[in-house]
Amino acid sequence: MSSVEITALRKLYGDVVALSDINISIPSGSFYTLLGPSGCGKTTLLRTIAGFHRQDAGSIEVAGSPIEDLPAYRRDVGMVFQDYAIFPHLSVRDNVAFGLRQRKVASAEIARRVEAVLKTVQLSQFIDRMPHELSGGQQQRVGLARAIVIEPKVLLMDEPLSNLDAKLRVDLRAELRRIQRELGITTIYVTHDQEEALAMSDTVCVMHGGVIQQASSPLEIYMEPANRFVASFVGANNFLAVTRTGASAALASGGVDLSGELAGTSGDVVAAVRPEALRVTAGRDEADAGGLAVPARLREVSFVGREMEVFGTTEGGEELKAVARPDPAIVDLHPGSEVTFRAPRSDLLFFEAGASGRRVA
Amino acid sequence: MSSVEITALRKLYGDVVALSDINISIPSGSFYTLLGPSGCGKTTLLRTIAGFHRQDAGSIEVAGSPIEDLPAYRRDVGMVFQDYAIFPHLSVRDNVAFGLRQRKVASAEIARRVEAVLKTVQLSQFIDRMPHELSGGQQQRVGLARAIVIEPKVLLMDEPLSNLDAKLRVDLRAELRRIQRELGITTIYVTHDQEEALAMSDTVCVMHGGVIQQASSPLEIYMEPANRFVASFVGANNFLAVTRTGASAALASGGVDLSGELAGTSGDVVAAVRPEALRVTAGRDEADAGGLAVPARLREVSFVGREMEVFGTTEGGEELKAVARPDPAIVDLHPGSEVTFRAPRSDLLFFEAGASGRRVA
Amino acid sequence: ETVTVYTAVPENFIDALVPMFEETTGNDVEIIKAGSGELLNRLTAEAGSPQADVLWSVDGTVIDFNPDLFEAYEAAGSDALADGMRQSDLWTPFTAVVMAFIVNPDQLGDLPVPDSWAALADPQYDDMISSARADASGSAYIQFATVLQAFGSEEEGLEIYRDMLGNFVLSESSGAVPRFVNDGELAIGVTLEDAALRYVEGGGPVEIVYPSEGTAIAPDAMALVAGAPNADGGKAFIDFMLSAEAQQVVAEQGRRPVRSDVESNPALVPLAEVNSVGYDAAWAADNRERLVEMWSDMVLDVQ
Amino acid sequence: MTARPLRSRLDFWTVVTGLVLVLLAILLILPILRVLMLSFVDADTGGFTFGNYVEAFTRNYYLNGFKNTLFVGVMGTLGASLLGIPLAFFTARFHVRGRTWISTLAILVLVAPPFIGAYAWIMMLGSNGFITNFFEALGISIPTIYGAHGIILVFTLKFFPFVFLMTQTALNAVSKSFEDAAENLGCTPWQRFRKITLPLVFPAISTGAIICFVLSIADFGTPAILGRGFRTLSTIAYAAYRSELGGLPTMAVTISIIMMAISMLALVAQRRILARRRYASSLTNLPVKVRLTGWRNVAMHLFCHGVVLIAMLPTIVVVYTSFLDTNGPVFTGGFGLESYRRILDDAPTAIANSFLFAFAAVVLITAVSALVSYVIVRRETAAAGSIDFLMMVPYLVPGVVMAIGFVTTFRSGSFNLIGTAGLLILIYFIRRLPYGVRSTTSSLRQIKPSLEEAAVNLGAPPLKAFLKVTIPLIVPGLVVGSLMSFITAINELSSTLIIYDSGTITMPVRIYLAVLDGEFGIAAALSTVLLLCTGVCVYAVFRFADNRDSAFV
Ligand SMILES: Nc1ncnc2c1ncn2[C@@H]1O[C@H](COP(=O)(O)OP(=O)(O)OP(=O)(O)O)[C@@H](O)[C@H]1O
Ligand SMILES: Nc1ncnc2c1ncn2[C@@H]1O[C@H](COP(=O)(O)OP(=O)(O)OP(=O)(O)O)[C@@H](O)[C@H]1O
Ligand SMILES: [Mg+2]
Ligand SMILES: [Mg+2]
C-alpha cells in the first residue's frame, strides 16, 4: 500500500515557475484529482512524480520512503500521458503488453491480461492495428490500457479521457474507479472537467498558477470553496458586489441587507452564488421572504440538453447566469425582458474582493 | 457566403470503411456539429473536406461549386487539428500569423489581428513562446487561434476544446460562436461533448460507424431521437423492456400499461426515458396517477457537483439512472434500499428492439 | 627471418627482384609500398620503435636530410659502382635516374618538339608543359637543380627556369606527369626517363627527348634504417640489390644500372650518348632549403 | 542546480557518458594532441613559436589557398544541397520507381577510391576527354574540367549523397499533420515545403551539408588533379605532408589546424542554430507517398534518375576502363581482361582486409553512435555538450595527422599490444564515428521524448527502453549513418597508408599504389571489384530497410 507525500515541491522551467511550494498528502488507495485551468502546472507535477525531471526543491515520498533518487523506471508509478505517447512501431497488443513483458509476466498471462484490459477500454477488435490506423480517441484508450494493465503502486493519469465522448467517458470512469478500488492503487488524476473531478475523487486539489488553492473532498470544494478562484473555477459562480456603509452591508444591485451574514468581517467583499442555486422568474418583483431577489434584464436563454441556461444583466451591469430545468415561461421571453434572479440566503458565499480573495463567510 | 453540400461520400482505409454514404447539406453561415463516439469517422470526414485525402466516392461542393479537384491549399477551408499540429519551429506569434502571411496581409494588420485573436484565446502573454514551452491546452488554443484568424469561408474544428477546463471551454465556446456569427463563417465542428454540441449548434449530426444516424436541430435530436443509438448517445437514456400480449403492452418491470402509446405498432419494442426525467422516491409505491412508477433497489448515489446521480436496479435486472437535484431523503439511503423511479408518461419514447432500432412512438 | 622493406619503387621492380632475393638468401621479404613522403612520415612516426629494416629506392637527399633515421652501411660490391654514383655514406645507390622530356607530338599541333631546357622557356609552350612541384616532389627538385647547373651560372639558369615555370601546369603528383602527356591532356612533360619509357614501350603516342644542354643522371638510394629489427637481413638485401644479377634485372626494367659492369637496356639511348650536366647531388642537397624557398617565391610570381 | 547525491548521478546514461569520454580521450584527444602541438614548433630550432600561424596568415600563397578553399567548399556544399534536397524530397514524398536503386547508386557514388574518380572526369571532360572531343567534333567548344568550376562540379556530384541520405531519413519522420496544417492555411506545395517541411528537416539538411563542407575542405585528390594551379589548403597541406624533405611537418599541421578551425566554425554555427529548436513528433501520423501523373511525373523521374546517373558517370568510366586492354600503363584501344588478370593474386586479400576492417569498425560505430547520440540529444549536461563538440573533431583531422598520432601513441609503451589490424579498426572507428553519430542524432531529435518516458514509466530500465523503443524508431538514421561510415571506412586511404603492413593491405592502398605507378587499368579493375562488393552489400541493406519500413510505418 502506497501513500504519497509531497513536501514543498518547486519546479522551474528557466524563469517560468511551473510549481511553487506544493504540499500534498495522499492516503494509500485513494483517488486524488488535480483540477485547474490550462497551464496551471498539472502535467508538470505528474512528470515530476513519475521522475522525468527533477524538482528544484522539495521531496516526494511513496509509502514512506523518498523516491526522488530512484530512477523513473524503478518507481513503479504508472502514467497515462496527455499526448498518449503510444509507441508508433508497436501494435496495440504490443503497446499494452510492453510493461508486462518488462515485468517478466508469463506470456499466457500477458495475453489474458492484455485482452481483458482492451475489453475494458472497448478496443478488443483493434488489438492488431498499428497506432497510425487508430483515431485520436482510440489512441488515447491504448495509452490508458497500457498504464492500468501493469497495476502499478501509484497511477498517474493526465487527462486520460479528454478525447472521448461523454458516454464512453462515463463508462471508463466507472471502470477506472472499479479497477482502482479493487487493486487499491493510489491514483493521481488530472482533469479539466469539474464534473469528472467531483464525481470520481476522494480528494480534489484545485491548482492555479503553480500553486495549490484548495485540496479537500469534492463536497467541501463545491460547498465551501476556500477562495474566490476555487469558487469561480468549480462552481462557475456569479459574483455580486457588496456595498458597505458603516456596520450595514447590502448587495449593490439588489438592496438585500447582508449585515447579519457579514457581521465580524471588514474590508471589501463580494457575494457569490452558484448558477444552479438561482431561480429565474419573469417580471420585476423584489419581494422575497428572507431570500435574495435581484432584478435584471434577460440577455439570452440557451438550451443545453436537459437544462436551460439563463443569462441576465443587473442594473449595475453585473452578469448573472442561472441553470435550471427548462421553464416555458422563461424560454419564451424575449431578450431585454425584465426578470428576477432569486436564491435562498443560505446559498450565498462571501469572499474578499480581488481575483483570488479568501472566503470570509 | 458558402454553403456546403456533401453527397454520397464514401471513404475507405484499405478494408476499413471509415465513411459510408454521407449526405450533408449545410446552409451558408450555419454552425454544424458532428457528434459521435470515438472512431466513428468524424476526423476522417473533416480531413476529406479539407482535402488531405480523396474520397473513394461522392462529391463535396462549397458555395455551389465542387471542390474535390481543388488542392487543399486552394480550398480556403480553415482547420483546427485534433492533434493541434502546431508548427514546432515557429513561435506562437508566427504560428498564428502563418496563414495571414500566406494571404499577403500587411504586416501591421497581421500584428493587430494576431494580438486580437490571442487575446480571445487568452494566450496574450505567451505570444513569444515556442510550442514546446506550452502546456497541452495552451497548444490547443494556438491551433484554434491559427485557424480562426484567417477568417476562412468554411471552418473545420476537430475537438478544438478537448483539453481545456470547463470555464475556459465555456468562454471560448461563446467567443467562437460570436466570431462565427459576426463573420458568417460556415462551421463544421467535431466534438465528443453532447452538451457542447447541443449548446452551440444550429444542426447536430450524430454519426456512428461511418454512417449518419440523424442530423437535426439540437432540440429535435434531444427530444425526438431518430433511433435508439441517438437516444442513448445524446440522452444517456434508460431503456426498459416492454412485454406484449396480443394488443396490450406493458413495461416488463413496472406493470405500467402502454397499450395506448403503442397502438398501431408491432414487433418488439423498448421504452426509453431520460435520467433527468426520472424522479426517485424512497420506498416502494407503485401508485402514480397516469405516470410511470418503477420499483427498484438502490445501487449507488453519486454526487456530481450540482446534481446527484441515482443508480438503481429493477427486479428484472435492468439498470436505471436518474439525475436530480440533491435530495437528502435519497442521499442518505443505504445501497440496497427500496426506491421507486417515477416519470410522466409523456417523457417515454419507444424504439424497435436492437442496438440501433428506429423510433416507433 | 623476415626483412621489412619500405619502398617507393614501381611494382615491376618488386615483382622482378624480391623473389630472386628470397630465393638466393632464404629470407622472407615484407614490402610496404607508398610514396616516399608517406614512407618518411611512417619512419618518423615509428622512430620510437622502428618496424622497417631498409628504405629502398628513394631520392638520396631524403636520407641525407634525416640522418637520425638511418644508419651508415657500406654495401658489398660498392667497389664496382660506376663513377659519381656513390655520394653519401648513409646510403647506397640502387639505380641511376635520368631526367627527360616526354612529348606527345599530336598535341603539339604546329609547334616544334622542344629539345632543350631553353626551348621549354619559350612562351609558345605556355600552359602546355606538365611538371611536378619542386617543393613537394624529389624528382622535380632534381630537375630544378639540373637547370640551375646546366647553364653558365646559377643566375642564368634561374632566368631560364623562371620562364619555364611560367609555361608549366603544375601537378601535385609526379606519377601523373607522363600519364597526362600520354593521354593528350598536355603536350610535354618533364619526367623520369624510365617512367616515360614505359609509355613508349606500351605503344603510347609519346616519345622521349633529352635536353641538349644536358640532363641529370642521378642515383636513387637505399639505406639501412637505424635500429632496424633485422639489420642483418637489411644488409643482405642492400648487398643483393647491388649485385650484378640484380643490376642486370634493373637494366631489363628500363632503369640505368649503377654498376660499371652492367649494360643499360638496349631500348634506351646509350648513356654515353646522353648529354649529362654532371649533376652535383651534394650541392643540390646542401642548397635544398634555399632553392626550395626560392622556387616557392618564384611560383607566386609567375603562376 | 542544487547539489545532488552521488547515487542519482550514477544511472546508466551517466556511466555511458563517462565511458564515452574516456574512449574519446584515449582514441582522439591523446593522439591528436601529440601531433597538433607541432603547429607551435619552429621547424628549425624545435622551440615554441607562433611563427607558423603568422606565416599562414601573412603569406599570399596561404591566403589564396584559404580563399580558394572557402570558395569551393561553400559552392560545393551548395551544389550538393541543390541536388540532394530535391532528390530526397521526391523520393520521400512521391512514388518514384526504383527508389532502392536510386539510394543504392547514391551510396555507391561515395565509393570513390582516391584519384581515380577525378581521373575519370579528365577522361570525359579533360582537354582530350571523349565528351570534350565529341563536342569539338560538332564544332562546339565546351570548357574543360580544369579549375575551380570543375572542382565544384565534382564536389557537387560526389558529396550530394550525404545531404540526400540525411534529408530523406528526416523527411520520413515529419508528422503529416504539420504539412496538412500548412496546406490548410493556404500554402502551395512549394510554399509548404519551403516554410514547414524544410525548416523541420533543417537539422538533418544542415548536418548533411556540414559533412559535405568538411569533406570538400579536406578533399585533396580532386583539387590536386583538377586544380591546375588552383590551390586549396588541402593541397597545400598535403603537399607539405608528402614533401620528401622529412622532418617535422609543422607547416602541414598548422594548415590542417586552420582547415579544422574553418570546419569547426561551421559546426559551431550549426549547433547554435539547432540548440534553440525542437522538432520532435510522436510519429503516429506519418506522411504518405503521393503518386504524380503526367509531365510532372516524367520530369521528376528524369531528375531523380538523371542525378544519380550523372553522379555515377565517373564510376561508369572507371568500370569501362577496367575492361580496356593494356600494355604496361598504356591502353591499346581494344577490350580485354588483362587488368583483371593482373590483380587476381593481390585483390582477394585486400578485399578481405578492407571488408573485415570496415565491418568491424562499423559494428563498433553503430553501437557507440546509438549510445552517444542518445547522450547528446537527451542529456543536456555539460559532459554531453562536450561529447557533441568532440564528435566534430574526427571529421576535421586529416587522416595523416590522426595516423601519425596513433602510431606515435599506440606503437609505444603499454599500448604496443594492439596489432596492426586492431590499430586500423580503431582508427577507422574513431575517424568514421561522427557519420554514425550525426545521422543518428538528427533522427533522434525528431522523436518525442515522451515515447521513451512511457517505456521507462512502464518499468523498462534506461538501456531496455533504449533498445526496445528508441532503437527501433531511429533505425533509419542508424542504417544511413552506418552505411556512410561503412562506405567511408572502406575507402579510407590516408591513415591506412601510414599504418598498414603487408598482411593488412587494403583495396584503397592497392588502388593508390597502382595510381602512383600510373597503372590506371589496374586501379580501375580494383575499383570495380571494390564497387561491386560494396554495391551488393548496400543494395541488400536498402532492400531490407525498405521492407522493414513498410512493416512498421
Ligand atoms: N490509416 C488508417 N488505417 C486504418 N483504419 C483507420 C486509419 N485511420 C483511421 N482509421 C479508422 O477509421 C475509423 C474512423 O477514424 P477517425 O479518426 O475518423 O475517428 P474519429 O471519429 O475522429 O474518432 P476520435 O473521436 O476517437 O478522434 C476509426 O475506427 C479508425 O480506427
Ligand atoms: N519547457 C517549458 N519551458 C517553459 N515553460 C514551460 C515549459 N513546459 C511548460 N511550461 C509552462 O509551465 C506551465 C505549466 O505547464 P503544464 O504543462 O504543467 O500545464 P498543465 O496544467 O498540464 O496545462 P494543460 O491543462 O493545458 O495541459 C505552463 O504555463 C507552460 O506554459
Ligand atoms: Mg497538461
Ligand atoms: Mg478524431
Side-chain angles (χ1 to χ4, degrees), chain A residues 10 43 46-47 49-58 66 68-91 94-105 130-134 136 138-139 142-143 146-147 149-150 152 154-156 158, chain D residues 1-15 172-173 175-177 280-288 378-381 446-476 548-553:
Chain A
R10 187 179 166 77
T43 299
L46 288 202
R47 292 175 52 81
I49 298 173
F52 299 137
H53 49 219
R54 197 174 167 99
Q55 63 267 35
D56 293 290
E68 53 251 37
D69 290 334
L70 276 188
Y73 68 96
R74 284 182 37 212
R75 295 196 178 184
D76 198 17
V77 162
M79 175 142 175
V80 183
F81 288 77
Q82 188 171 15
D83 62 357
Y84 323 156
I86 303 303
F87 304 131
H89 61 301
L90 300 181
S91 68
D94 291 338
N95 259 285
V96 177
F98 192 96
L100 295 174
R101 298 228 168 91
Q102 224 40 57
R103 283 163 178 71
K104 307 252 178 302
V105 177
M130 295 302 285
H132 72 274
E133 298 170 330
L134 298 178
Q138 288 161 348
Q139 289 183 30
V142 174
R146 189 176 65 177
V149 77
I150 60 171
V154 177
L155 181 58
L156 310 176
D158 200 352
Chain D
M1 280 279 146
T2 44
R4 299 171 184 184
L6 186 65
R7 203 150 40 104
S8 77
R9 278 191 235 142
L10 269 185
D11 73 350
F12 173 75
W13 289 111
T14 317
V15 173
N172 285 331
S175 172
K176 184 172 190 299
S177 299
S281 72
S282 54
L283 300 184
T284 32
N285 191 8
L286 289 177
V288 284
R378 295 284 193 254
R379 302 243 127 179
E380 293 177 342
T381 60
Q446 288 186 297
I447 295 164
K448 268 201 174 177
S450 63
L451 296 177
E452 285 148 26
E453 287 170 356
V456 165
N457 180 258
L458 290 167
L463 179 61
K464 259 280 187 63
F466 181 66
L467 290 178
K468 289 192 146 179
V469 174
T470 315
I471 292 278
L473 296 178
I474 58 175
V475 157
R548 238 191 129 285
D549 245 13
S550 48
F552 97 70
V553 284

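What you see is a predicted model; the values in this text were computed from it and never measured.
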Any sub-3.5 Å donor-acceptor pair from D:Asn457's side-chain atoms to A:Val77's backbone N or O?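 Yes, D:Asn457 side chain to A:Val77 backbone: donor-acceptor pair under 3.5 Å.
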Which bit of A:Arg103 is near chain D, if near means a heavy-atom gap under 4.5 Å: side chain, backbone, both or neither?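 It is the side chain, since no backbone atom gets that close.
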Check each atom of A:Arg146 against the heavy atoms of chain D and say whether the ones under 4.5 Å are side chain, backbone, both or neither.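 Interface part for A:Arg146: both.
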Specify which of A:Pro152, A:Gly78, A:Gly143, A:Pro71 makes the most heavy-atom pairs with chain D at under 4.5 Å.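 Answer, by heavy-atom pair count under 4.5 Å with chain D: A:Gly78.
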Gap between atom OG of D:Ser450 and atom CZ of A:Arg47 - 0.5 Å precision: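 One finds 7.5 Å between CZ of A:Arg47 and OG of D:Ser450.
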Compare all side-chain heavy atoms of D:Glu453 with those of A:Phe81 and state whether any distance is below 4.5 angstrom.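 D:Glu453 reaches A:Phe81 side chain to side chain.
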Would you call D:Leu451 and A:Pro88 a side-chain contact if the rule is heavy atoms closer than 4.5 Å?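 Yes. Closest side-chain heavy atoms under 4.5 Å.
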Residues in side chain to side chain donor-acceptor pair (under 3.5 Å) contact with A:Gln102, at least two apart in sequence or another chain: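 A:Gln102 satisfies side chain to side chain donor-acceptor pair (under 3.5 Å) with no residue once adjacent residues are dropped.
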Go through the atoms of D:Ala455 and report whether side chain, backbone, both or neither lie under 4.5 Å from a heavy atom of chain A.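 Contact with chain A is through both the backbone and side chain of D:Ala455.
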Tell me whether the guanidinium CZ or amine NZ of D:Lys464 lies under 6.0 angstrom from the six-membered ring centre of A:Tyr73 and within 45° of its axis.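 No cation-pi geometry.
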Which of D:Pro461, D:Pro462, D:Ala465 touches chain A most, by non-hydrogen pairs under 4.5 Å: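 Heavy-atom pair counts peak at D:Pro461.
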